[in-house]
Protein chains: 2
Amino acid sequence: MPVRPAPSKARPPRPRVRKKAASAYHHGDLRQALVDAALAAIAEGGLEGLNLRDLARRLGVSPAAPYRHFADKDALVRAVAADIAHRYAAVLAQAAAEAPPDPLSQFRATGVAAVRFAVRHPAHFRVVYTPGLHDHRGDADPTRQALTAAQAAGVVAPIPVDAMMLTAQCAIYGLSRLIVDGQLPGGAVTPAQADAMTRAVTDVLGLGFLPR
Amino acid sequence: MPVRPAPSKARPPRPRVRKKAASAYHHGDLRQALVDAALAAIAEGGLEGLNLRDLARRLGVSPAAPYRHFADKDALVRAVAADIAHRYAAVLAQAAAEAPPDPLSQFRATGVAAVRFAVRHPAHFRVVYTPGLHDHRGDADPTRQALTAAQAAGVVAPIPVDAMMLTAQCAIYGLSRLIVDGQLPGGAVTPAQADAMTRAVTDVLGLGFLPR
DNA sequence: CGGTGGATGTGAGCATCGATTACATCTCTA
DNA sequence: TAGAGATGTAATCGATGCTCACATCCACCG
């Protein structure tokens with residue numbers, strides 16, 4: 001019964017009081033509004049809890065309206081996933097840019113940034129790594145190049161770069177996921193705890209990376 | 001229409017030709033059959049693709065029948081998750097039992113076993129680590145004790161045990177998830193490739209763990 | 001040996017959700 | 001200013017989770 005008051009409403013001139021959008025169409029910009037609403041809904045209830053009817057309801061629009069902008073639910077999800085992936089990549093890039101250029105600093109900075117993102121936006125983090133929504137092959141190429149150079153200079157142990165990259169990636173991703181999925185002792189993880197754990201992990205990795 | 005031939009069947013003496021179960025009730029053991037069928041269905045279509053009606057259909061039973069054995073779908077999922085977690089734990093335990101008792105061998109053996117399980121049963125692996133279905137806090141206590149002992153004997157670097165445990169756990173879990181979620185270059189991962197990657201990761205970790 | 005009760009399964013049905021279709025309405029532009 | 005295309009609506013379908021009243025079957029007890 002919370003669907004709609006009455007199926008036969010005399011239909012007044014349509015109380016569309018949407019915000020901005022000077023040249024507003026019917027809604028303003030339903031497509032972007034849907035993406036934003038989906039972003040919020042995912043943050044609250046996860047990707048599984050997302051449903052188009054609720055989104056439409058929140059935006060004061062009929063359940064069929066979203067289909068004017070997205071072929072189906074999956075298309076919306078993909079758009080939202082792309083949006084999230086973009087933000088995630090930006091966060092990592094900025095962290096790398098602000099850190100010293102040596103490989104170990106880069107590793108640690110991007111690792112800390114990744115884990116922080118996971119702690120702050122768990123549901124969004126999960127979306128970024130949901131199979132089929134995004135490809136992460138070759139994400140860390142800059143770090144790889146820096147690492148190869150450092151190895152040539154003897155600053156880093158002569159282990160295969162592939163192995164080092166893989167290990168670092170696995171450790172950081174594993175830590176993020178363990179936090180996001182609540183599989184670590186102590187239940188919920190505070191940002192400070194997350195930082196400490198990231199530091200511990202990167203320290204141990206660093207020991208393996210240093211020349212002996 | 002593949003549900004049932006006709007809604008008004010004269011109902012012959014009920015063609016229940018179920019397998020074993022000498023003192024068979026109506027079905028035999030619908031509860032266990034549901035768990036088994038769910039196991040198979042999850043392996044095929046993942047946890048999201050699981051639905052009770054299909055399970056009932058496969059077992060030749062009405063859609064309401066499962067509710068005689070499980071309060072709701074979630075209860076079934078929890079039972080299946082417990083079953084999977086049990087198998088997973090058994091695999092890890094056996095791998096540890098068959099490996100040499102030193103901490104590094106134990107790490108590698110359980111790591112290899114975990115990654116192999118992930119490669120072989122990706123959907124089941126995902127279920128094991130689905131939030132809310134199972135708790136993994138304190139899973140690796142035996143390894144922790146071995147590690148502490150080894151450290152006292154000077155076989156392992158004097159890094160905080162917590163940090164080493166965490167790093168190893170993160171790396172192995174991260175590798176498993178990256179494989180399961182198809183986020184590694186080259187798409188699908190063969191068991192041989194998985195073993196090689198696990199070896200690479202544990203090697204790098206081992207370097208960090210060895211005393212200098 | 002027969003009846004009774006609890007466990008098990010059925011059939012019908014409700015609500016929600018994704019998706020499609022025919023139709024209405026609005027905005028822009030020629 | 002009138003048509004065309006973009007945008008939104010109403011109605012509806014099929015799948016799914018879940019509930020309820022009823023049927024059926026087995027075990028046990030007098």
Side-chain angles (χ1 to χ4, degrees), chain A residues 1-18 21-34 37-38 41 45-78 80, chain B residues 1-18 21-34 37-38 41 45-78 80:
Chain A
M1 84 213 26
V3 192
R4 218 152 257 256
S8 65
K9 212 161 67 173
R11 171 142 349 197
R14 186 77 98 70
R16 268 290 130 67
V17 210
R18 296 295 156 214
S23 73
Y25 271 65
H26 301 81
H27 174 95
D29 186 356
L30 184 55
R31 184 191 164 93
Q32 189 55 47
L34 281 167
L47 190 56
E48 316 76 39
L50 188 69
N51 81 75
L52 290 191
R53 289 177 119 89
D54 186 50
L55 251 45
R57 223 173 291 140
R58 291 199 205 191
L59 298 174
V61 142
S62 89
Y67 290 92
R68 289 289 159 192
H69 300 272
F70 298 97
D72 52 15
K73 182 185 181 183
D74 199 55
L76 204 196
V77 169
R78 265 182 281 118
V80 175
Chain B
M1 86 221 13
V3 192
R4 219 151 257 257
S8 65
K9 212 161 69 174
R11 172 141 350 199
R14 188 77 97 68
R16 268 289 130 67
V17 210
R18 296 294 158 212
S23 74
Y25 269 66
H26 301 81
H27 175 94
D29 186 356
L30 183 54
R31 186 193 164 92
Q32 189 55 47
L34 280 167
L47 190 56
E48 317 77 37
L50 188 68
N51 81 75
L52 289 192
R53 288 177 120 92
D54 185 51
L55 251 45
R57 224 173 290 139
R58 291 198 205 190
L59 297 174
V61 144
S62 89
Y67 289 91
R68 291 289 161 192
H69 299 272
F70 297 97
D72 52 16
K73 182 184 181 182
D74 199 55
L76 204 195
V77 168
R78 266 181 281 118
V80 175

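Below, chain A is the first sequence line, B the second, and so on; all start at residue 1. Side-chain atoms are counted along with the backbone in the values below, which use heavy atoms only and exclude waters and symmetry mates. On a predicted model such as this, the values are computed, not experimentally measured, just so you know.
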Please report the distance, rounded to the nearest Å, between CZ in B:Arg31 and P in C:dG9.
12 Å
Could you list, one pair per line, each protein nitrogen or oxygen that sits under 3.5 Å from a nitrogen or oxygen of nucleotides 19-22 of chain D, together with the distance?
unit_1	atom_1	unit_2	atom_2	d
D:dA21	N6	B:Arg68	NH2	3.4

Let me know the distance between CG of A:Leu52 and C1' of D:dT9, rounded to the nearest Å.
16 Å
Just jot down the side chain to side chain contact (heavy atoms under 4.5 Å, CB included) partners of B:Ala64, sequence neighbours excluded, or say none.
B:Ser62
Distance check needed: C:dG9 P versus B:Leu30 CG, whole Å only.
5 Å
Taking CD from A:Gln32 and P from D:dT7, how many angstroms apart are they, rounded to a whole number?
14 Å
Using residues 48-55 of chain B as the side-chain source, report each donor-acceptor pair under 3.5 Å to any protein atom, sequence neighbours left out, with the distance given to one decimal.
unit_1	atom_1	unit_2	atom_2	d
B:Asn51	OD1	B:Arg53	N	3.2
B:Asn51	OD1	B:Asp54	N	2.7
B:Asp54	OD2	B:Arg58	NE	3.3

Residues pairing under salt bridge (Lys or Arg N to Asp or Glu O under 4.0 Å) where one sits in residues 61-78 of chain B, two or more places apart or in two chains, turn out to be B:Asp74-B:Arg78
Which of these nucleotides, C:dG9, C:dG18, D:dC18, is closest to any side-chain atom of B:Ala65?
C:dG9
Presence of A:Arg57 side-chain N/O under 4.0 Å of C:dC17 phosphate oxygens OP1/OP2:
yes
Spacing of B:Arg53 atom CZ relative to D:dG14 atom P, expressed in whole Å:
14 Å
Indicate, with a heavy-atom threshold strictly under 4.0 Å, whether B:Leu50 touches base, sugar-phosphate, or nothing.
sugar-phosphate
Below 4.0 Å: OP1/OP2 of D:dA15 and any side-chain N or O of B:Asn51
no
So A:Leu55, base contact, sugar-phosphate only, or nothing? Heavy-atom distance under 4.0 Å.
nothing
What integer distance in Å separates B:Leu59:CG from C:dT10:P?
11 Å
Provide the closest heavy-atom pair for B:Leu30 versus B:Ala65 in the form atom of the first, atom of the second, distance.
CD2-CB, 3.9 Å
Under 4.0 Å: is that the gap between some side-chain N or O of B:His69 and OP1 or OP2 of C:dG9?
yes
Please report the closest heavy-atom contact between A:Ala56 and A:Pro63, naming both atoms and the distance.
CB-CA, 3.9 Å
Between C:dT8 (P) and B:Phe70 (CZ): distance, integer Å
12 Å
Side chain of A:Ser62 only, please: which of C:dG9, D:dC18, D:dT9 is the nearest?
D:dT9
Provide, to the nearest angstrom, the distance between the CG atom belonging to B:Asp74 and the P atom belonging to D:dG17.
12 Å
Of the non-hydrogen atoms in A:Leu34 and A:Phe70, which two are nearest, and what is the gap between them?
CD1-CE1, 3.9 Å
Testing the basics here: between A:His69 and A:Arg31, what is the closest heavy-atom pair and its distance to 0.1 Å?
O-NH1, 3.3 Å
